Number of protein chains: 2
Amino acid sequence: MFSKSTEYALRATIYIAQKSSKELKLGIKAIAEGTDSPPSFTAKILQELTRDNKIISSVSGPNGGFYITEEAKKLPVRSILDAMDEDGMLYRCILGLNQCSETKPCPMHIQYKHIKEQLINLFETKTIQELAADIRDGEIFINND
Amino acid sequence: MFSKSTEYALRATIYIAQKSSKELKLGIKAIAEGTDSPPSFTAKILQELTRDNKIISSVSGPNGGFYITEEAKKLPVRSILDAMDEDGMLYRCILGLNQCSETKPCPMHIQYKHIKEQLINLFETKTIQELAADIRDGEIFINND
DNA sequence: ATAATTAAAGATATATTTATCTTTAATTAT
DNA sequence: ATAATTAAAGATAAATATATCTTTAATTAT
């Protein structure tokens, strides 16, 4: 469905939202371990999410690390896809046709339409906060242990 | 959603199912043009679909080309994903976790579950024949013209 | 049989994705 | 101020996906 980069971005963001606060920042190593992701690659990805503090915030130096603001936690999960330049995935034709639309549908368009709408709805309405809350509450996991 | 290879495979198969018969085979050039796909890459992909005549059949030489048997037309669209080794996509965790399951769900599992079921259902029940019939009947398109 | 046509197979090329490593800059504690 | 710590930035490497081109094999028409 998504690229590895985006998977790591989603996992890292959810993990940070669950475990960190402005007072308790997370280092790259902890994040990578907590989400079963390669550390240096995750670092690169967090740079993208941190750019302009769009989604993740960071501070260099001792006791530095990554955290997410309460404001950013309210962003829809879709904003992570946006930051990774993969939001197009949600809206594309499932057969990869550029011209596919209501008036010029591909053979799978009508069937896929409903599914696509639900996918879009999921990513546009579910917030980072909500996913992190789930993980905190019950038996929800963000790694492979 | 899918790789370019799989998109081309889906488009080519549907196109062949709609336009060809054992009597009227289609050349690689016609298929590539009809589906807005790169010819030589499409040729490679058709080799995979033709292997063991699993999905597409082919004949070399003059008046040769690609066609699909009535039997193969009855295969679910999923069999194309199988042939392209991309059927895993339908069943994977949306966050890319190996251990994600009912009993060990990722933060998106419960929400995504319903959508995934519909995706699987679409690809497992819809046949190649049905998609080709749609395209024949009405205003359904398989290219970008 | 020969020539023409077409797909199959194989070699190669290019682009993109995934991943790591090194250097730099920022921040903090002492 | 200095040293230590941490992320940012940049360079590089490896793997995979995408794409093309050439040679071979199969088939058909003549």
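All chains are named by letter (A, B, ...) in the order of the sequence lines, taking the proteins before the strands, and each is independently numbered beginning at 1. Note that the coordinates shown come from a computational prediction; the quantities given were computed from them, not determined experimentally.
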Separation between OH of A:Tyr15 and OG of A:Ser37, rounded to the nearest 0.5 Å: 10.5 Å

Joint cluster assignment, B:Leu24 & B:Ile16, ILVMFWY side-chain distance < 4.5 Å: no

Whole angstrom value for the distance that separates C1' of D:dA19 from CG of B:Leu46: 15 Å

Spacing of A:Met84 atom CE relative to C:dT17 atom C1', expressed in whole Å: 11 Å

Sequence-aligned protein contact record of nucleotides 18-30 of chain C, with B where the base is within under 4.0 Å of a protein heavy atom and S where only the sugar-phosphate is: SBB-----BBBS-

Length of the NZ-P vector between A:Lys29 and D:dA7, whole Å: 12 Å

Separation of atom OH in B:Tyr67 from atom P in C:dT6, rounded to whole Å: 16 Å

Any side-chain heavy-atom pair of A:Leu81 and A:Met89 under 4.5 Å: no

Side-chain heavy-atom pair B:Met108, A:Lys126 within 4.5 angstrom cut-off: no

Atom pair distance, as rounded to whole Å: CZ in A:Arg51 and P in D:dA9: 6 Å

Distance below 4.0 Å between A:Ser58 side-chain N/O and D:dA8 OP1 or OP2: yes

Enclosure of B:Ile120 CD1 (heavy-atom neighbours >12, cutoff 6.0 Å): yes

Pair A:Phe2-B:Tyr112, ring pair (Phe, Tyr, Trp, His ring centres under 6.0 Å): steps then yes or no: CA-CA 14 Å; A:Phe2 298 116; B:Tyr112 178 57; 8.7 Å; no

Exam field: side chain B:Arg92 to backbone A:Met1, donor-acceptor pair closer than 3.5 Å: no

Nucleotide C:dT16, atom C1' - distance to CD of A:Glu86 in whole Å: 13 Å

B:Glu48 and B:Arg51 ion-paired at < 4.0 Å: no

Touch class at under 4.0 angstrom, heavy-atom based, for B:Leu26 against every strand present: sugar-phosphate

Among B:Lys116, B:Lys104, B:Glu102, side-chain hydrogen bond (donor to acceptor under 3.5 Å, both in side chains) partner for B:His109: B:Glu102

Atom pair distance, as rounded to whole Å: CG in A:Leu24 and C1' in D:dT6: 15 Å

Spacing of B:Phe66 atom CZ relative to C:dT6 atom C1', expressed in whole Å: 9 Å

Base C:dA9 paired with B:Gln47 side chain (donor-acceptor, <3.5 Å): yes

Strand DNA chain D as a dot-bracket string - pairs counted if Watson-Crick or G-U with both distances under 3.5 Å, | where the partner lies in another strand: ||||||||||||||||||||||||||||||

Touch class at under 4.0 angstrom, heavy-atom based, for A:Ile28 against every strand present: sugar-phosphate

